[in-house]
Each structure stands twice: as structure tokens, then as C-alpha cells.
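In this text, all values refer to a predicted model and were calculated from it rather than measured experimentally. Each chain gets a letter, A, B and so on, in the order its sequence line appears, and its residues count up from 1.
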Amino acid sequence: MDGYPEDVRGTARWALAETAEGRARVCPLDERGRPAGPVCEEESAPAAVRARPQVGRWVWRATAAVYPRLLAAGLRVPRCYDVETAEALLLGHEALAGHPRSLPAAWARLHRLPEPPDPPPASQGTDPQPSLFEAGPPPLPDGVDPLEALLEVYAAQLARTAGAGHPDRMRLLLAGESAGTLVAAEMSRAGVPWRADVHRELLDELLGERYPGGGLPRRLVELAGEVSRAFGPDVRVRPEVPAEVLQAFARAGVRLSSTRAWELERVDHPAVAPLLRFKKLYRLHTAHGWTWLRSWVRDGRFRAEYVPGGAPSGRWTTNGGGALQIPRVVRRAVVADPGRRLVVADAAQLEPRILAAVSGDRGLMAAASTGRDLYTALSERAFSGDRAQAKLALLGAVYGQTSGDGLRYLAALRKRFPAAVAYVDEAARAGEEGRLVRTHLGRTSPPAGPQGADGGPGDADGGPQRAAGAGDRARGRFTRNFVVQGSAADWAVLMLAALRRRLLGSAAELVFFQHDEVIVHCPAEEAERVSEAVRAAGAQAAHAMFGATPVDFAFSVGVMECYADAKGAGEEAAPVR
DNA sequence: ACCAAGCGCGCC
DNA sequence: AAAGGGCGCGCTTGGT
């Protein structure tokens, strides 16, 4: 018991559609998703929702199009069904079932629904442009009722879901992904507590002061000088230009295939140390420096725009701000408000645990049945206690390693955990042969297509040769990883959904989510209860997905004031020198 | 002036 | 430690 209810409101289901004028048409639905009462028209979506607190699930076209305005009006909803999100998942699923991957007619009609009028005068000034604009659908033809179109598509989706290979899993996925859209909108609105003053202090300390004319800050200018001098008295090398760096090393008799850090590290030359230091700091300056701070942090919050399922695997992405790549050093600026705490929870070794559960490998499930370090448990079972070997072997199996030590250890892994290895091997074979694969809940990999969407793997090989070319093998690595990474995304979104519901109505706010990690910002006195809620949500997600599995999806949870104090956030408090 | 591609690196 | 899976993003270059 964590003291938070699992469910807070009723189960009534209503549909909501906005008209071209921004009014809202709503009606109740029965168990099978058909209209179960008269249609009402309200002056706006917020008015319609506010008047119906008993509704447990709102069915609408797209959370992203409606929910921000509800939140702005101070409203939250318990659950929703996002028709656009569902459509994308169903289409993907049907592609594997052999159906043509084309839009149903009803969908085309729905998609002609107008975007609601866009009234947010909310924030002013030089805001970063949200960029996610796909020029809203064209106006709805006269005489087409947006609510009718919505209901038509929804009914069709329910029928298609019932026809899926595992209807229950598909329902779970659609419900989870819909909840994910709510979480995304709410997190984007809440923002991560961000101390701009701490961030600036950090920049001053690491990068030195800036010069009036713009350009690089002092420390970077100094390091660039050191790099240049290391190549000779009259040499000038711009360390941020790879071509110049390669040239300089070539003149010094050092042949490099790139200027990547890991390659430079092996080179014995006086320019290497200042160059590596420059790269690190240059990165901080360009990606999370003063410009970033000015564009993304307002009123003590960093607000990112989350895109649930933005990656094919189901992982989330963000638009602008690089919210999922906050460097460790910068996390010092993430500090809870006075009287509040950050509950930082990390699903330890999520992907290997997911592999254990989806493959049903007995040995791996046993190793993953406790919250203790999985690689240690693994090493005891197969690698005579060598944790590093165990980790490499497992990651190699999941990522499709083609060389190196991981490959060497793979044999031992295969011997002890045959079902787990066979599971990812089969996914890889499917990819190499141009077939699609699915996650545990039925999320489907994108088609390989010679025109494969935006350069995804699989389209590198032009020829129709039979033998697996480099492109096929890349495709195999992609599908191999997809079944694990994607199933982890399945779990993560179910966990988010469960956690959100447990926190609903409390003062605790979900403020950050990154693949297998969440941060909740809450009053200090609630932190323990929130920690319990997070653990419970993780277990709830696992049970919903796998039933009574022995695998422990252990959350390591910490309560802290500053994100930099999170375990794993590294002791490397940046040696300045 | 603008755009695409390639590089490189941050996170998981 | 090793170099493979998923991303976003800012930079530079080199093409119009």
C-alpha cells in the first residue's frame, strides 16, 4: 500500500470532437464504443470536460491537439483514448499481418478534421519555436460531422484491435500509449525544476568568462591555443573543425580515420590531452551553454516538448532542448523547490530483464528474479564470476555485436541461456530476411522498404542479391534490438500510466521521463509515499504485461534535492583541470 | 541566404 | 571497458 488509489474515478466513456469553430461535440459511449446517448454541443472542449467530471475516459482524435488547452484551463482527465496514436500502432501491426499498409477510408475522413483554433497567447517573447507543425489538416468539408467521423474510426479501431493476434495485449498497448500522451502533455507543462543561477555558475567555472564580441569563452580559447602550439610554433588549428585536426595530425605523422574521442585517446601526442578537454567543453558550450539556458529555461523550469513513441521502437523523443541528453555535469542545476524533493527512480538493467521475460528463458529469468545486480547474478551462472564478461556478452547479444570481446563471450551465453539468445537471434534473422518483428505487446517494426523511411537501416544495399549484404545485416541488428528496446518501451509506458494514476489528485508531479528513469517533484513529506508508488507502478506494469513472472523489474529509488546526487550520476564532479 | 549531409557527442 | 542498437542537436562544409 502506497496510500495512493489505483483508480480515482468512474469508468464512463465519452467521445469528444472539436468543430471548425472550436466548439466541442460530445456523446456518451457504451461498452462497445457505440453512441449511448444524445450528442451535446458545448462552447469549447474545456467547457465540455469541466461539465462532466464523472467521465473516466475521453475518446478524442489527438491528445496533443486538445489536452494542452484543458490543462491551461486547470483541468485534467483520468484517462483517454488517442485515436491517432492508436491508428499508427494498428497500421504497423496490420502491416505484419499481411494487410496492405494503407489508411482506411474512415481515417482519411477523420484526418480532415480541423485543428482547433490556436489561441495560446500564454508565453511571450523570444520563445523557442516548438517546430512540431505539420500544417494542420485541411478544413472539414461542409456537412461532415467531426464527431461522427471520430466515432466511425473509433468503432473500426475497436474491431481491428479485437482481430489482432493478441487482442488483450494490443488493448493494453493502446491504453498505455494513450496514457503516455497525457503524461507527455502534463510533463511538458510542469517542466523540470531548473536553477538557472546554478547552471550559470557551472558554466563560468568550467568555460570561463565570455568575451564581449561573442565567440568562444576564455577557457576554450586557451585550450585551442594549447592544441595549436602542440603542433608547432606557428600552427593554428581550430579544434572544432575535424578536417583541420586530421590534417594537423597527418603532418605530425599520425594517421587517424576520424577525430572521435575514443580514437584520439589511443594516440600519443601532446595535442591529444588539450584537444579532448576542448571537445568536452565545446560540447557543453554549444549544447547546454548560455544560449540553451536562454532559450529553454523560464521561471525556474526547463520545459521540453515530449513526443511519446517518437522513435520506431516506442521510445520517446523530444523536440528541442535535448531533454533526453542532459549531460551529467549539468544535472547540478536540477534542484527541487524549497520544501520539496525529487524522487528519482531508475529501472536497473531494464533491457536484460525484459529479454528474460519476453524470451521466457528459465536461467535468465532466475538470474533476473531479484533486484540485485543482474550482471553479477549472470556472471555467477555462466562466467565464473566475471561481471564485465557477463555484461559484455549480454549487451552484445542484444545489440548484435559483430566483433570484439562480446562476441567471444556470446558462446558461453548461448550455452547457458539458449532461449534468450535464440529469441534475439530469431528477431535478427527476421530482419535480415526483410520480415517485420513485434514487441511483446504488439508494437511492430517499421517496414524495411527500399525507400525505408528517413534512412532507417535496411536500405543500404541497392542490389537484389540473395546473400545478406551489409544493409541486411544492419537491418538484422535493428530488429534484434527492436524486440528488446521496444518491449522495454512497452513496459515503460505501462509503468508511466500506472504511476500517473497513483499520483493523480496529489501534489506530486511527474516532471521527467527518460526511457527507464522517472523523476517526480513532490512535497518533502510525500517523498516516501511517492517512492512506494513508483515501485508499485513498476510491478503493476510488469504484471499487466507478463502476468505472474518471476522477473523482478526493480526500481532503484532515491529521494534528493538535486538530480546530480542520483546514483549513477557519477562522482566525476568534473575535474576542471 | 538557405539547405542537406556528415560529423561528433550527449543520453539511454 | 567496447565500438554495436536507439535517439537529438549543433556545428562545419559544400552545394545551390
Side-chain angles (χ1 to χ4, degrees), chain A residues 128 131-132 216 238-246 256-266 275-276 278-289 291-292 295-296 304-307 309-331 346-351 355 375 386-410 424 427-428 431 445-446 454-457 473-486 488-489 492 512-518 563 568-570:
Chain A
S131 81
L132 185 66
L216 299 179
R238 288 176 296 170
E240 72 272 31
V241 181
E244 287 189 17
V245 173
L246 284 182
L256 292 170
S257 60
S258 76
T259 63
R260 288 187 172 87
W262 62 267
E263 194 174 344
L264 288 171
E265 274 159 17
R266 297 179 192 153
L275 180 54
L276 289 174
F278 178 95
K279 281 167 162 295
K280 262 271 191 292
L281 293 178
Y282 183 72
R283 169 78 186 177
L284 175 65
H285 175 243
T286 57
H288 287 91
T291 307
W292 182 91
S295 346
W296 292 102
E305 184 191 346
Y306 289 91
V307 184
S313 65
R315 275 192 172 184
W316 291 24
T317 61
T318 59
N319 246 322
L324 304 186
Q325 298 114 246
I326 300 171
R328 296 204 181 275
V329 273
V330 175
R331 297 182 183 184
D346 178 292
Q349 301 133 8
L350 176 59
E351 294 192 354
L355 175 58
Y375 299 120
D386 190 327
R387 181 183 185 276
Q389 280 188 18
K391 181 173 180 179
L392 263 132
L394 199 59
L395 292 181
V398 171
Y399 290 152
Q401 186 151 22
T402 55
S403 65
D405 288 347
L407 205 58
R408 255 191 16 241
Y409 306 139
L410 195 57
V424 287
S445 64
D454 47 353
R473 287 194 298 274
R475 177 83 194 159
R477 288 195 298 275
F478 173 75
T479 50
R480 173 192 292 272
N481 184 253
F482 181 93
V483 296
V484 178
Q485 187 185 113
F512 187 69
F513 166 61
Q514 183 179 35
H515 312 315
D516 59 359
E517 183 180 354
V518 291
Y563 187 22

Separation of atom NZ in A/Lys279 from atom P in B/dG10, rounded to whole Å: 9 Å
Report yes or no: is there a donor-acceptor pair, N or O only, under 3.5 Å between the side chain of A/Arg283 and the base of B/dC9? yes
Would you mind reading off the distance between A/Leu350 atom CG and B/dC11 atom C1', rounded to a whole angstrom? 15 Å
Which nucleotide in the list B/dC12, C/dG6, C/dT13 gets nearest to the side chain of A/Gln485? C/dG6
In terms of ring plane angle, is the pair A/Trp292 and A/His288 parallel, tilted or perpendicular, where the classes change at 30° and 60°? tilted
Assign each of A/Arg266 and A/Thr286 the nucleotide of DNA chain C bearing its closest heavy atom; nearer the 5' end lies the nucleotide of A/Arg266
At under 4.0 Å between heavy atoms, what does A/Ala388 touch on the DNA or RNA strands: base, sugar-phosphate, or nothing? nothing
Do A/Leu394 and A/Gln349 touch side chain to side chain, with heavy atoms closer than 4.5 Å? no
From NZ of A/Lys391 across to P of C/dA1 the rounded distance in Å is 11 Å
For the pair A/Glu351 and A/Arg315, find out whether any cationic side-chain nitrogen is under 4.0 Å from an anionic carboxylate oxygen. yes
Looking at B/dG10, C/dG4, C/dG6, which one has an atom nearest to any side-chain atom of A/Pro327? B/dG10
What's A/Phe482 touching, base or sugar-phosphate or nothing? Going by heavy atoms closer than 4.0 Å. nothing
Candidates C/dG4, C/dG6, B/dG10 - which lies nearest the side chain of A/Pro312: C/dG6
Base, sugar-phosphate or nothing for A/Gly321? Non-hydrogen atoms, less than 4.0 Å. sugar-phosphate
Heavy atoms, side chains only, cut-off 4.5 Å: are A/Lys280 and A/Pro327 in contact? no
Can you figure out which of B/dC12, B/dG8, C/dG5 approaches the side chain of A/Thr259 most closely? B/dG8
Candidate nucleotides C/dA2, B/dC12, C/dT13, ranked by approach to the side chain of A/Arg315 - the nearest: B/dC12
Figure out the CD/P separation between A/Glu263 and B/dC7, and round it to whole Å. 13 Å
Rounded to whole Å, NE2 of A/His515 lies from C1' of C/dC7 at a distance of 7 Å
Of all residues at least two apart in sequence or in a different chain, which pass the side chain to side chain donor-acceptor pair (under 3.5 Å) check with A/Arg260? none
Between OG1 of A/Thr317 and CD of A/Glu305, what distance do you get to the nearest 0.5 Å? 9.0 Å
Separation of A/Tyr399 atom OH from C/dG4 atom C1', in whole Å? 8 Å
Using atom OH of A/Tyr563 as one end and atom C1' of B/dC11 as the other, report the distance to the nearest whole Å. 9 Å
When you measure from the side chain of A/Gln514, which nucleotide among B/dC11, C/dT12, B/dG8 comes out closest? B/dC11
Quick check on C/dG8: is either OP1 or OP2 less than 4.0 Å from any side-chain nitrogen or oxygen of A/Thr317? yes
Within a strict 4.5 Å, meaning less than it, do heavy atoms of the A/Val398 and A/Asn481 side chains meet? yes
With a non-hydrogen cut-off below 4.0 angstrom, is A/Ala261 in contact with a base, only sugar-phosphate, or nothing? sugar-phosphate
Minimum-distance nucleotide (side-chain atoms of A/Arg477 versus B/dC7, C/dC7, C/dG4): C/dG4
d(CZ, A/Phe513; P, C/dG8) in whole Å: 15 Å
If only side-chain N and O atoms of A/Arg328 are considered, is one of them under 4.0 Å from the OP1 or OP2 phosphate oxygen of B/dC12? yes
When we call it a touch if two heavy atoms are under 4.0 Å apart, what does A/Arg387 touch: a base, just sugar-phosphate, or nothing? nothing
What does A/Ile326 touch in the nucleic acid at a heavy-atom separation under 4.0 angstrom: a base, only the sugar-phosphate, or nothing? sugar-phosphate
Where the side chain of A/Leu395 is defined as all heavy atoms beyond and including C-beta, which of C/dC9, B/dG8, C/dG4 is the nearest nucleotide? C/dG4
Any side-chain N or O of A/Arg260 less than 4.0 Å from the OP1 or OP2 oxygen of B/dG10? no
